[in-house]
Amino acid sequence: MTLPNKRPSNMLRITTEKLANQFIEEQVAFVKKQVKDKKVLLALSGGVDSSVVASLLIKAIGKQLICVHVNHGLMRKGESEEVVEVFKNQLDANLIYIDATNRFLILLKGVSDPEKKRKIIGAEFIKVFDEEARKLEGISFLAQGTIYPDIIESDSVKAHHNVGGLPKNMQFELVEPIRLLFKDEVRVVGKALGLPSSMVDRQPFPGPGLGVRCLGAITQERLHALREADAILREEFDKCGLSAKVWQYFIVIPDMKSVGVRDGKRYEGWPAIIRAVNTNDALTATIEEIPYNVLHKITSRITMEVEGINRVLLDLTPKPVGSIEWE
Ligand code: XMP
C-alpha cells in the first residue's frame, strides 16, 4: 500500500492552510489504514522533511511511531536539543535520542579528505541507526521523509548528497507520506501541523553537517569554535532580517592559523569565513550583499566571544566557480 510514483496532474499545489489541513486529514487516514496497529520507525534528523513526517505520523498513530535521533556531534548549536524539546517534551513522541558524538569524532580523527569524511559520517550514521533498530522489537514499517524532488531528480546528482540512505538489508515496508510534495508544500504542511518556524523554515543543512565546514581533519576545539561562530552568525542574521531573505548562510573554518594580538599579546587563531548565498536549485548561486554594519557587528562578536578565532573573512565567490560548501 503505497502512494503513486508520479504526482497526479490534477493535484493542487498546497499553498494555504486549508489545503494543508485537507492533505493532513487524507494522509492521516491513509497511514492509519496502512499501518493498523503495527509499529513504525523513523530516523528523525530535525530537518524539515523528517520533522514534518514525524509530526504527521504522531497525529496518525501516536506512540506506534518510534523516532530515533542520532546526534553525530556535527549538528549546529542547539539543534539536537530542539528536536528533543519539540518532539519529546511538546509532542510527547516516542523518541530515542542517541548521543554518538564520540564515535564519530574518533572515526574522523586525522581524516582530512572531504569525500572520505563524508563516507565515514554516512556509514557510521547507518551503523548507529541499524544497531538501534535491532534493539527494538516488532517494527514493521520504516518511515522516510522522501519528497517529490528526491524521486524526480537523477540519482547521479543526489548520490553524494544523501547521508548514505538506509541499510539495504532492512526489510521494512516504507511509509512516505510526503513523497508527492515539493519543498514549499512541505513547509506549509509543517506550519499547519503546528511545528515551530525554526524547524519549518530551516535552511538546507548538509547531512555531514558541520563536518564539511570544519575543513580538513576535524578537532574538537575547532569544531566547537565553528559551532559558536555559526550560532552568532545566525543570531545576527535573525536580528537584521537577513535570515528570512538568504537561502543558505554559514561559517567555515579552515585548518590554518594566522598571527593576531589579544590583550597586548601575540594571539594565533583560526579565521572564520562567512558564506551567504542565494539560489533556486543549489546548482548555481549568487552572493548576498550583507550591509557593512552587520559585518562589523558579526566580526566583533565572533572575535571577542569565540575562543580560538582571531579573524573574520567574507567569501564573495558565486557558484560557479565556488561550490556552496567548501568541501
Ligand atoms: P555544493 O557545495 O555542492 O552544495 O554547491 C549544494 C547544496 O548541497 C548541500 N550539500 C550537501 N547536502 N550532503 C548533503 O545532504 C552533502 O554531502 C552535501 N554537500 C553539499 C549544500 O549545503 C548546498 O545546499
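All residue numbers in this chain count up from 1 along the given sequence. Read the numbers this way: they start at 1 and go in the same order the structure lists the ligands and their atoms.
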Asks: Decide whether the shortest distance between a heavy atom of Phe250 and an atom of ligand 1 is less than 4.0 Å.
Replies: no
Asks: By side-chain contact (heavy atoms from CB on, under 4.5 Å), which residues pair with Ser45, not counting sequence neighbours?
Replies: Ser50
Asks: Taking the basic N atoms (NZ, or NE/NH1/NH2) and the acidic carboxylate oxygens, is any pair closer than 4.0 Å for Arg275 and Glu288?
Replies: no
Asks: Would one find an N or O of Ile324, backbone or side chain, under 3.5 Å from an N or O of ligand 1?
Replies: yes
Asks: Could you tell me which residues satisfy ring pair (Phe, Tyr, Trp, His ring centres under 6.0 Å) with Phe23, sequence neighbours excluded, listed by chain and number?
Replies: none
Asks: What is the minimum heavy-atom distance between Leu42 and Ala143, and which atoms define it?
Replies: CD1-O, 3.3 Å
Asks: Using a 4.0 Å cutoff against the non-hydrogen atoms of Trp247, which atoms of ligand 1 qualify?
Replies: 24 (O)
Asks: Going by the order shown, which atoms of ligand 1 are within less than 4.0 Å of some heavy atom of Gly207?
Replies: 13 (N), 14 (C), 15 (O)
Asks: Going by an N to O cut-off under 4.0 Å, is there a salt bridge joining Glu131 and Arg134?
Replies: no
Asks: Using heavy-atom distances, let me know which of Glu327, Arg213, Glu325, Lys319 sits nearest atom 20 (C) of ligand 1.
Replies: Glu325
Asks: Select the closest option to atom 19 (N) of ligand 1 among Arg118, Arg275, Gln248, judged by heavy-atom distance.
Replies: Arg118
